[in-house]
Amino acid sequence: MDGSLAPTVIRTACPHDCPSACVLEVERVSPERIGRVRGAAAYDYTAGTCCAKVARYAERVHHPDRLTRPLLRIGAKGEGRFAPISWDEALDRIAKAFRLAAARYGAEAVWPYHSGGNMGVLGRWGLDRLRHVMGYSRQKSTICVTPAEMGWRAGHGAARGADPRRVAEADLILMWGGNPVSTQVNLMTHIQRARKRRGAKLVVVDAYRSPTIEAADIGIVLRPGTDAALALALMGMALERGAADRAFLAAHTDWDAAVEAHLRRHTPEWAEGLTGVPAATIRALGELYAGTRRMFLRLGVGFTRYRNGAATMHAVSCLAALTGAWAAEGGGAFFYALEGWGLDTRLAWASDRIDPKVRVLDQSRIGAVLAGEALAGGPPVTAMLIQNANSAEVAPDSHAVRRGLAREDLFLAVHEQFLTPTAAFADVVLPATTFLEHSDLYLGLGHTALTVGPRVIEPQGEARSNHAVVRGLAARLGAEHPGFGMGEEAMLDATLRASGLGDWEAAKAAGFIPVANSIPAGEAFAGFPQPDGRFRFHADWAALGPYSAGMPELPSHWERLEEAGEATPFRLITPPARSFLNTSFTETPGSRTREGAPRLRLHPADAERLGIADGDRVRIGNARGVLTLAAMRFDGVLPGVLAVEGISPSADFPEGIGINALVGAEPVAPAGGVAFHDIAVWLRPA
């Protein structure tokens, strides 16, 4: 290539709903086009690696179906018929609808709604600035990690853990309920270092044979929702073999005789009956756990997406405390770094303008909210702006969500990159930029740095950023706040300066900003982020949420799962597909080719009993809905368990609706969330 035409490499960061928040290097081949994308080696967590989805990002940003102009609905809701309009008309219509809703019912009738399609400080949470200033209904963001977070907090006190890079110094890596081969490739880089340099063993526990289990030294497949039983048996074995670190327990936990007596009652034979894992296998794993001091416990969210998920997280998270792994170099535990970022959000989110009297609506219960069943008092929701969310496919109980979005008295605006099933219900659709077309900061939820995402190319067509839309609406609604007058980079610069984290230009040059929000482990360990510095084996669930009734105080397998009875004898899990991220990337050719059509994985014994061959069309269902898809014999689940990797587009199912139509929307104890993997269904040939 002629040197004058060589692409320019720009450092930026990934915005997607993944804990890696990778530092990236992107080839800019012209002011409007990108080439290759790769992970940057400059940040040692990203370590020069990024997932295949983002490596192919040119497929997404330059996709012919990208939305590039504002649209006005001209057909029925959900039909997807629109006509182009100008930005001024689009924003005027939204502002008018918000004013009318507020005039008729009060400001709480307007519900700005966002989710994790973009995880930027401005791109995701910037919509809250408009919400807080105008007094619109607030949002409880529960859809992803709330059960896991509450279970972690019950023991540790705060949603942060050991520096995940320390996994490379461990002798035993216990990966529980996560599939980083598919969902967090950077973590696998550090795990591989421990295996190569230290001979570390990778043990993976999951409810199906995931790609990470296939890459593990030891893979444990158990019945969905029974993870706590396995953890209890392992702790019982550690006590039996004298592997409990008595000095650590006395100095840094609330350990007492009641906890010890409780744990000793749980044997491998007892756990086998619940988990389906042979007692001999549990004993072998227990020997490894009890005999390895340098253990790093890396917890995912998959095993918490059950009705007992928070209690299960608490039980499993006790493993590192019992043996004192926190005090060993290369030891400790990590879930997500949800807090401790030290960001001053008064400008970006108008966090100084929150009115505690304004009601809070549960993001996960959007169907019930729009049906008037979960309003937390106050008026019906009659006007919405949705950013970063494809709720018609991602939210639970999809039929209820679609009924709500189809209400004729609901004005809906959707800001999106593609015409999703959610956007098809909108009255006004706004074209959104990708992360390459705006600037932002991202919280490294899976590590300990803010990653920095400057704009790489010009917006495609008339696409605008989330920040630009918020500013445009604020001007029309008369909203007053200093943040509404600032461009993206000015806002980010002011936020960094107010937070004592330097300035935007320095951050952009570095690509990342280290933040000391980990719990020090090894020689530096000084206690847990609890008021008294002690880990809690005794959980105070009532302090964590309103749905705590009946939760077990001590680490336990809580029998609170959707009942698989005579009518619905199978348990269905819906783990993420490798080439999709929720419903992001379901439109890109590379991901579509790699994933193909949705398939129902079932154990060969179940297939034989029901007369189902590979490729046969089958139907699964429960009281919430029915779906048709192809069957796949798969010995990586236990008998009675079904798995559908997702989330495949609704159009891939004959019923025109996706897998979350079968998922219940009841809040998970103690603070809400969704039991995405806790589904009882029937199965029969189509």
Side-chain angles (χ1 to χ4, degrees), residues 9-27 34-63 116-120 123 144-145 164-165 167 175 177-193 202 204 206 210-216 298 300-302 336-337 388 394 417 434-436 440 442-447 449 451-453 456 511-512 575-596 645-648:
V9 176
I10 308 295
R11 185 178 293 164
T12 189
C14 181
H16 284 282
D17 191 5
C18 162
S20 290
C22 290
V23 180
L24 302 175
E25 293 176 347
V26 181
E27 292 180 349
I34 67 161
R36 297 174 58 195
V37 179
R38 55 184 174 267
Y43 178 39
D44 63 355
Y45 186 80
T46 302
T49 303
C50 73
C51 69
K53 299 182 287 289
V54 172
R56 300 190 300 266
Y57 214 81
E59 290 185 348
R60 182 175 178 85
V61 71
H62 302 305
H63 197 292
N118 181 299
M119 296 295 286
C144 185
V145 300
R165 290 170 294 190
V167 74
M175 180 74 229
N179 180 17
V181 165
S182 294
T183 62
Q184 199 183 350
V185 65
N186 311 82
L187 177 59
M188 289 304 299
T189 298
H190 300 281
I191 290 173
Q192 289 300 96
R193 286 178 179 169
L202 172 61
V204 181
D206 211 330
S210 68
T212 307
I213 279 189
E214 292 176 348
R298 183 60 170 89
V301 298
Y336 267 13
N388 316 320
V394 172
Q417 296 165 4
T434 65
F435 76 98
L436 298 167
D440 214 331
Y442 306 98
L443 310 181
L445 301 178
H447 49 88
T451 55
V452 185
V456 175
F512 62 96
R578 187 167 187 169
S579 298
F580 300 152
L581 180 53
N582 298 318
T583 60
S584 296
F585 301 99
T586 58
E587 62 285 300
T588 55
S591 293
R592 293 289 294 155
T593 299
R594 285 165 176 80
E595 291 302 325
E645 292 184 341
I647 303 171
S648 293

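The first residue of the sequence shown is numbered 1, and numbering continues consecutively from there.
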Handout entry: Donor-acceptor contact present, side-chain His190 to main-chain Tyr45, <3.5 Å
Key = yes

Problem - Heavy-atom check, side chain of Met119 versus side chain of Leu445, under 4.5 Å - result: yes

Handout entry: Heavy-atom pair with the smallest gap, counting every atom of Val452 and Phe512
Key = CG2-N, 3.9 Å

Exercise for the section: Check whether the ring centres of Phe435 and Tyr442 lie less than 6.0 Å apart, and answer yes or no. Expected result: no

Exercise for the section: Please name the pair of heavy atoms, one in Ala40 and one in Glu25, separated by the smallest distance, quoted to 0.1 Å. Expected result: CB-CG, 3.8 Å

Fill in the blank from the handout: One should read off an interatomic distance between Ser584 OG and Ile647 CD1, to the nearest 0.5 angstrom, of 9.5 Å

Handout entry: Minimum heavy-atom distance Asn388-Gly123, with the two atoms named
Key = ND2-O, 2.9 Å

Practice task
Measure across Gly39 and Cys50 and return the closest heavy-atom pair with its distance rounded to 0.1 Å.
Solution key: N-SG, 3.7 Å

Practice task
Would you please say whether a donor-acceptor pair under 3.5 Å links the side chains of Thr49 and Asn186?
Solution key: no

Exercise for the section: Mark yes or no for whether Ser20, through its side chain, and Cys22, through its backbone, hold a donor-acceptor pair below 3.5 Å. Expected result: no

Exercise for the section: Output yes when a side-chain donor or acceptor of Ser579 lies under 3.5 Å from a complementary backbone atom of Glu595, and no otherwise. Expected result: no

Handout entry: Check: Arg60/Ser591 side-chain N/O donor and acceptor closer than 3.5 Å
Key = no

Handout entry: Full working for side chain to side chain contact (heavy atoms under 4.5 Å, CB included) between Phe580 and Glu587
Key = CA-CA 9 Å; Phe580 300 152; Glu587 62 285 300; over 6 Å; no

Exercise for the section: Would you give the length of the straight line joining atom SG of Cys51 to atom OH of Tyr57, rounded to the nearest 0.5 angstrom? Expected result: 10.0 Å

Handout entry: Candidate pair Thr46 and Thr451, rule side chain to side chain contact (heavy atoms under 4.5 Å, CB included), full reasoning
Key = CA-CA 10 Å; Thr46 302; Thr451 55; 5.6 Å; no

Problem - Straight-line distance of Thr593 OG1 to Glu59 CD, nearest 0.5 Å - result: 8.0 Å

Exercise for the section: Scan Leu24, Thr12, Leu436, Val61 and name whichever one has a side chain to side chain contact (heavy atoms under 4.5 Å, CB included) with Val37. Expected result: Leu24

Completion exercise
Value for CE (Met175) from CG (Leu202), rounded to nearest 0.5 Å, stands at 9.0 Å

Completion exercise
So OG1 of Thr212 and CG of Leu187: to nearest 0.5 Å the spacing works out to 8.5 Å

Problem - His16 and Phe585 aromatic ring geometry - parallel, tilted or perpendicular at 30°/60° bounds - result: tilted

Completion exercise
One should read off an interatomic distance between Arg165 CZ and Thr189 OG1, to the nearest 0.5 angstrom, of 13.5 Å

Exercise for the section: Please assess Arg594 against Arg56 for the test side chain to side chain contact (heavy atoms under 4.5 Å, CB included), listing each intermediate value before the final yes or no. Expected result: CA-CA 12 Å; Arg594 285 165 176 80; Arg56 300 190 300 266; 3.3 Å; yes

Handout entry: Considering all heavy atoms, the nearest Arg38-Val9 contact
Key = NH2-CG2, 3.7 Å

Practice task
May I ask you to decide if Arg578's main-chain N or O and Lys53's side chain share a donor-acceptor pair within less than 3.5 Å?
Solution key: yes

Handout entry: Shortest non-hydrogen separation from Thr434 to Gln417 and the atoms involved
Key = CA-NE2, 3.4 Å

